[in-house]
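Order of listing sets the numbers, starting from 1, for every ligand and every atom in it. Any value given below was found using the heavy atoms of this structure, including those in side chains, with hydrogens, waters and symmetry copies removed. Heads up: numbering here begins at 1 and tracks the sequence.
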Amino acid sequence: MPHQVTPAEDALGRLLGDLRLSIIDQCNLRCQYCMPEEHYTWLPRADLLTVDEIDRLVEAFVALGVSKVRLTGGEPLIRPELPEIISAVHSRMGGTSGLTDLAITTNGVLLADRAAVLKAAGLGRISISLDTLRPERFEALSRRKSHSKVLEGIRSVSAAGFRDTKFDSVVIRGFNQDELADLIEFAKGVPAEVRFIEYMDVGGATHWSMDKVYTKEEILADLRERYGKIDPISKVDAAPANRYRLPDGTTFGIIASTTDPFCSTCNRSRVTADGIWLHCLYSIGGTNLRIPLRDGATSEELQSILRAGWARRADRGAENRLALRSRAVFVPVETLKRDPHLEMHTRGG
Ligand code: SAM
Ligand code: SF4
Ligand code: SF4
């Protein structure tokens, strides 16, 4: 641990370690589990944090113990200043900084043209959301005809020199639960590691219902039937995925946020593109960091806002949802329309 970092600890003893920065709320897809509505209210463009403001925020978060930064959206590749944002965050790595990992989560549509530029700017790793290998399913799910662009994007990643690539695949009963092994086999050739994600009832998932959740146990049962024995890999950090090894050595992960949440070890912070700091994916409200940033707060002032906020954190959103006896949609559409900050595409996943 570098000497100037004093890790921030929350009210449940969880150390701040991971920052998810949404850099844009808009998206070029309309995935049914995330953006199923016809119309959305976007954040005012003037409110989006500038590259310099993002840099100052990252500096403050790193001083409080953040070692991993992940850029997300909306779709982060549609933010024109993405290479500048990556360079700025990358410049905070090295030396005595505790920041060691800079990654992005993208739907892959625009990746083929940009992978090399993002690599040159200092991006470390890429996670690509890939739920299906079938173009007609992709179109039904995302309401866009971009499947071939996504596959092209995937092919460009290792050519651009990226390693440790991940696929994030939301598994939905009745939609793609029959593609688990196909996704694993496809990933072998990329190469990439698949992480199957249980369908979550986050804000924005207005078509969610428990019967559509294909659970971790069901995923494992299907894969055992196909591959035989599956060995769990012991966890080394606070990453959300449980990882497993197939008999041929191939690894994959499962993020069981819905049926087996991992709130007790959650070290994640989220900031929306307009600078609202959220302690949990399920937080109803957050802290506006854009105001102090634009009022000229010093690094020390920003750090003390973050340290005080994190010390109050007692969120266990997914565990609270699991404890409910009857589980309907988390945030109704009318409420989402009044406050886009409640939307998954604003929070970034
Ligand atoms: N647009 C980018 C993408 O799709 O990769 C980044 C933002 S997206 C909100 C981040 C992740 O959230 C994606 O991997 C997506 O599959 C996941 N996600 C969105 N809605 C979800 C839901 N209801 N349940 C589980 N995962 C969800
Ligand atoms: Fe799909 Fe990501 Fe866009 Fe949501 S933000 S609609 S998950 S591509
Ligand atoms: Fe962390 Fe909240 Fe997700 Fe639990 S629900 S793992 S506390 S972000």
Side-chain angles (χ1 to χ4, degrees), residues 10-12 14 16-18 20-37 40 70-79 103-111 126-132 138 141-144 146 149-150 153 166-172 175-176 194-209 212-214 238-241 254-258 260-270 272-273 278-284 286 313-323 329-331 343-349:
D10 78 4
L12 303 179
R14 298 170 294 187
L16 177 60
D18 193 312
R20 303 212 143 201
L21 264 179
S22 173
I23 57 169
I24 185 123
D25 54 330
Q26 296 178 342
C27 189
N28 47 4
L29 297 182
R30 287 291 179 276
C31 305
Q32 292 285 355
Y33 51 68
C34 178
M35 300 184 74
E37 309 303 325
Y40 285 95
R70 178 171 291 273
L71 304 176
T72 177
E75 174 45 41
L77 268 69
I78 63 179
R79 175 97 190 238
I104 198 167
T105 299
T106 170
N107 61 32
V109 174
L110 297 173
L111 204 45
I126 304 189
S127 296
I128 304 161
S129 299
L130 180 72
D131 307 314
T132 178
F138 179 91
L141 178 78
S142 69
R143 291 178 287 161
R144 298 291 184 273
S146 318
K149 293 295 291 177
V150 175
K166 304 265 185 343
F167 288 157
D168 286 336
S169 309
V170 180
V171 188
I172 300 181
F175 170 66
N176 63 345
V194 185
R195 294 185 308 186
F196 298 111
I197 303 176
E198 288 182 347
Y199 188 6
M200 296 174 70
D201 57 349
V202 283
T206 51
H207 292 196
W208 183 92
S209 61
K212 292 187 192 141
V213 179
Y214 207 68
I254 303 181
I255 302 181
S257 318
T258 303
D260 187 13
F262 37 84
C263 302
S264 60
T265 57
C266 177
N267 64 356
R268 285 187 179 183
S269 243
R270 292 181 161 78
T272 62
L278 303 164
H279 292 168
C280 175
L281 202 43
Y282 287 90
S283 296
I284 292 299
R313 177 185 188 248
D315 302 60
R316 296 183 303 120
E319 286 180 0
N320 292 339
R321 296 292 296 162
L322 183 63
V329 162
F330 177 47
V331 187
E343 296 271 7
M344 180 71 155
H345 70 264
T346 310
R347 308 190 150 200

> Closest non-hydrogen protein atom to atom 24 (N) of ligand 1, residue and atom name please, with distance?
Met200 N, 2.9 Å
> How far is atom 26 (N) of ligand 1 from its nearest protein heavy atom, and which residue and atom is that?
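Atom 26 (N) of ligand 1 sits closest to the protein heavy atom Val170 CG2, 3.5 Å.
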> Among all protein heavy atoms, pick the one closest to atom 10 (C) of ligand 1 and tell me residue, atom and distance.
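For atom 10 (C) of ligand 1, the nearest protein heavy atom comes out as Gly348 O, 3.4 Å.
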> Determine whether the side chains of Asp25 and Tyr40 contain a donor N or O and an acceptor N or O closer than 3.5 Å.
no
> Who gets closest to atom 18 (N) of ligand 1 by heavy atom: Lys166, Lys212, Gln26, Met344?
Met344
> Ignoring hydrogens, just give me the one of Ser127, Pro76, Cys31, Ser129 whose non-hydrogen atom is nearest atom 13 (C) of ligand 1.
Ser129
> Would Glu198 count as a contact residue for ligand 1, given that I'm defining contact as a non-hydrogen atom of the residue lying under 4.0 Å from a ligand atom?
yes
> Regarding ligand 1, does Glu75 bring an N or O atom to under 3.5 Å of one of the ligand's N or O atoms?
yes
> Which atoms of ligand 1 have any heavy atom of Asn107 under 4.0 Å away?
2 (C), 3 (C), 5 (O)
> Does the side chain of Arg347 come within less than 4.5 Å of Val202's, by heavy atoms?
no
> Pick one of side chain, backbone, both or neither for how Thr106 approaches ligand 1, counting any non-hydrogen atom pair under 4.0 Å.
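Backbone only.
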> Tell me which protein heavy atom sits closest to atom 1 (Fe) of ligand 2, plus the residue, atom name and distance to 0.1 Å.
Cys31 SG, 2.3 Å
> Among protein heavy atoms, which sits nearest to atom 4 (Fe) of ligand 3, and what does the distance come to when rounded to 0.1 Å?
Cys263 SG, 2.3 Å
> Among all protein heavy atoms in this structure, tell me which lies nearest to atom 15 (C) of ligand 1, with the distance rounded to 0.1 Å.
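The answer is Tyr33 CE1, 4.0 Å.
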> Can you report which non-hydrogen protein atom sits closest to atom 7 (S) of ligand 3, along with the distance?
Asp315 O, 3.6 Å
> Numbering the atoms of ligand 1 from 1, which are under 4.0 Å from a heavy atom of Val202?
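Reading through ligand 1 atom by atom, the close ones are 23 (N).
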> List the steps, then state whether side-chain contact (heavy atoms from CB on, under 4.5 Å) holds for Ser264 with Glu319.
CA-CA 9 Å; Ser264 60; Glu319 286 180 0; 4.2 Å; yes
> Rounded to the nearest 0.5 Å, how far does CZ of Arg195 lie from CD1 of Ile255?
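Reported value, rounded in 0.5 Å steps: 4.5 Å.
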> Can you sort out which atoms of ligand 3 are near Ala318, meaning under 4.0 Å from one of its heavy atoms?
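This gives 5 (S) as the contact atoms.
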> Could you list which atoms of ligand 2 come closer than 4.0 Å to a heavy atom of Leu29?
6 (S), 8 (S)
> Apply side-chain contact (heavy atoms from CB on, under 4.5 Å) to residues Thr258 and Trp208 and explain how you reach the verdict.
CA-CA 11 Å; Thr258 303; Trp208 183 92; 4.2 Å; yes
> Considering only protein heavy atoms, which is closest to atom 8 (S) of ligand 3, and at what distance to one decimal place?
Leu281 N, 3.3 Å
> Whether the Arg313 and Ser269 side chains hold a donor-acceptor pair (N or O, under 3.5 Å, no angle test) is what I'd like checked.
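Note: Arg313 and Ser269 side chains miss the donor-acceptor criterion.
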> Taking heavy atoms and a distance under 4.0 Å, where does Thr105 meet ligand 1: side chain, backbone, both or neither?
both
> Is there an N/O/S atom in Cys266 at a distance below 2.8 Å from atom 1 (Fe) of ligand 3?
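Yes - counting backbone and side chain alike, Cys266 has an N, O or S atom under 2.8 Å.
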> Less than 4.5 Å apart, any side-chain heavy atom of Glu75 and any of Thr106?
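Yes, side chains in contact.
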> Tell me whether Gly74 reaches ligand 1 (any heavy atom closer than 4.0 angstrom to a ligand atom).
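Distance cut 4.0 Å: Gly74 passes for ligand 1.
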> Quick one: does Met344's side chain get under 4.5 Å of Phe330's, heavy atoms only?
no
> Counting each atom of ligand 3 from 1 as listed, which ones have a heavy atom of Cys280 under 4.0 Å away?
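In order of number, 2 (Fe), 5 (S), 7 (S), 8 (S).
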> Which ligand 3 atoms, with their elements, are less than 4.0 angstrom from a heavy-atom of Phe262?
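Those qualifying, in numeric order: 6 (S).
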> Any idea which of Cys27, Gly108, Pro76 brings a heavy atom closest to atom 5 (S) of ligand 2?
Cys27
> Any idea which atoms of ligand 3 are less than 4.0 Å away from a heavy-atom of Arg270?
8 (S)
> Start with the C-alpha gap between His345 and Cys34, add the side-chain angles, then the distance that decides, and say whether side-chain contact (heavy atoms from CB on, under 4.5 Å) holds.
CA-CA 7 Å; His345 70 264; Cys34 178; 4.0 Å; yes
> Confirm or rule out an N/O/S atom of Cys34, from backbone or side chain, lying less than 2.8 Å from atom 1 (Fe) of ligand 2.
no
